[in-house]
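Structure first, commentary second.
Per chain, numbering begins at 1; letters A, B, ... match sequence-line order.
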Amino acid sequence: MDALDWALLVARVVAVFAALLVAVMLTIWFERKVIADFQTRTGPLRAGPRGILITLADGIKLFFKEGILPAMVDRPVYLIAPVIAMLPAFLAFAVVPFGTSVTLFGREVPFQVADLNVGILWILAMTSMGVYAVVLAGWASGSNYPLLGAVRSSAQMISYEVGMGLAIVAVLTYSGELSMTGVIEAQSRVWNVIPQFPAFVVFLIGGLAETNRPPFDLAEAESELVAGFHTEYSGIRFAMFFLGEYLNTVTVAAVATTLFLGGWRGPWFDGFAPWLGPLLWFVVKVVAVLYVFVLIRATLPRMRYDRLMNFGWKVLIPFGLVWVLLTGAVVVLPQEIGRRGVLLAGAAVLGLVLLASFVAPLVQRRREVAS
Amino acid sequence: MSTAGRPTPGFWEAASAIARGMATVFKQTFRPDTTERWPAEIVPTPERSHIGRHRLNRHEDGLEKCIGCELCAYACPADAIWVEGADNDPENPVSPGERYAKDYQINYLRCIMCGLCVEACPTRALTLTSYYELSFTSREEAIWTKEQLLEPPPPLGTDPVDREGR
């Protein structure tokens with residue numbers, strides 16, 4: 001790597017960083033506008049055309065507000081928690097390919113900060129770091145509600161990550177690739193959302209729970225916990241939590257796009273700016289996923305905590321396991337035609353029956369209790 | 001965990017309920033917004049609405065209806081009204097009867113627009129109008145004097161306070 005390569009890399013990192021900040025700004029505006037649409041309101045109107053600068057105005061306000069440092073806090077941890085909330089959210093996006101590539105100064109510049117061969121693991125690792133921010137913030141605040149919010153959210157995020165992970169395992173088994181570029185490559189014929197629709201649904205549910213969005217926003221349930229883990233935060237430190245949360249939402253939408261909706265794939269004119277089409281398609285798909293997130297937020301009320309846990313452990317995870325098993329059978333059988341294939345198919349069916357026999361009594365008992 | 005006598009919905013039942021709910025919410029997108037774009041566009045208040053500033057009324061001959069009894073001040077849960085009564089000059093009365101309000105003030109930093117003062121008033125001297133543009137920029141401005149309250153409210157949208165900040 002020579003100086004030019006390094007310069008291009010740094011330029012890419014800075015560009016993605018800036019684009020993410022703008023994306024978060026627009027996401028918050030988009031969410032407010034769409035939810036206002038659902039509630040027959042207009043939403044923000046004043047700051048900029050159609051209120052597009054509302055987030056900027058809010059950000060400036062939060063920046064200049066007094067950052068109150070409560071007396072009971074554990075100072076270093078309290079101060080570092082918002083940074084931990086923000087940093088992994090930025091890092092997670094590093095492996096998401098948001099376009100093909102463009103040739104600059106005779107070099108091929110990919111639209112991706114780093115193409116890790118274990119890209120999806122990097123994303124899982126980084127999104128899990130978000131739990132630390134919540135737990136540390138809740139603990140260091142030295143106050144009751146933040147602590148309760150932190151305990152809730154740590155349990156919730158860890159539980160739903162298992163379900164989300166199983167959905168990802170199914171997709172990766174189907175694609176046979178771990179890197180994000182490879183997954184997109186594998187979707188050249190048909191997007192994963194069609195053969196892997198149940199995994200897509202599980203992934204979206206897990207993603208909503210992972211980013212603490214409604215109806216899974218129990219960590220900051222304002223009717224129960226004031227503001228949950230960030231009750232004691234104000235000013236710029238609260239803004240960092242807010243930013244981290246929306247960054248995570250954008251990242252989950254981008255990962256859903258990459259894994260299930262074919263990433264940047266889409267029809268485009270040949271010859272005219274070949275890098276522009278994929279970029280636009282990627283943005284359109286991410287916005288579509290975000291729209292669904294907002295629609296879910298506008299429709300469903302917050303879940304009760306015990307039902308949240310029941311749903312995560314007794315529905316999402318068993319279903320994910322069955323789906324991984326099925327996907328495995330579909331992928332492996334063609335490769336192992338013959339006696340081994342039949343044996344495997346038999347084993348898969350047997351496993352399914354066994355699982356069903358585990359799950360059915362649970363369902364049946366619930367029905368009996370109900371009646 | 002009690003399910004309160006209701007049967008637990010099955011998978012398809014629950015899924016279709018969620019889908020129908022989301023469709024209902026989505027349909028709202030196509031309904032016109034109900035937001036009033038005040039102050040750019042001022043929607044007239046209903047004729048009989050009484051949701052805003054108070055007004056002290058006069059009799060048809062010009063005499064004030066207020067007799068300075070202070071019942072409004074006693075009724076006020078927010079302690080927003082200050083009344084000081086005095087004896088009328090028989091030669092030149094301000095109100096019919098013996099007493100009139102020498103001073104009358106309403107503090108709009110305290111007023112909660114509950115209307116109990118209006119209910120308490122024995123002479124219908126105090127009523128609420130539909131004038132809701134009650135912004136002010138200092139504590140002194142928040143206190144409305146008797147002279148101000150005797151004036152009929154101006155039309156909406158003519159308040160001198162610059163709300164746009166421009």
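- Other residues, nucleotides and ligands contribute over 12 non-hydrogen atoms within 6.0 Å of the OH atom of A:Tyr305.
- Atom CZ of B:Arg31 sits about 11.5 Å away from atom CD of A:Gln39, to the nearest 0.5 Å.
- Chosen from A:Ile296, A:Asp37, A:Val315, A:Leu300, the residue pairing most often with chain B at heavy-atom distances under 4.5 Å is A:Asp37.
- Few gaps surround CZ on B:Phe30; more than 12 heavy atoms of other groups in view lie less than 6.0 Å from it.
- Residue B:Glu98 qualifies as open at atom CD: its count of foreign heavy atoms under 6.0 Å is 12 or below.
- Summarising the geometry of B:Pro32 relative to A:Thr40, their closest heavy-atom pair is O-CB, 3.8 Å, with the distance given to 0.1 Å.
- The distance from the CE atom of B:Met22 to the OG1 atom of A:Thr299 is 5.5 Å, given to the nearest 0.5 Å.
- For A:Trp323, the CH2 atom counts as densely surrounded, since its 6.0 Å shell holds more than 12 non-hydrogen atoms of other residues, nucleotides or ligands.
- The shortest heavy-atom contact between A:Tyr291 and B:Thr29 is OH-OG1, 4.0 Å.
- When all heavy atoms are compared, the tightest approach of B:Arg37 to A:Thr42 is NH2-CG2, 3.2 Å.
- No more than 12 heavy atoms of other residues, nucleotides or ligands lie within 6.0 Å of CZ in A:Arg50, so this atom counts as exposed by the packing criterion.
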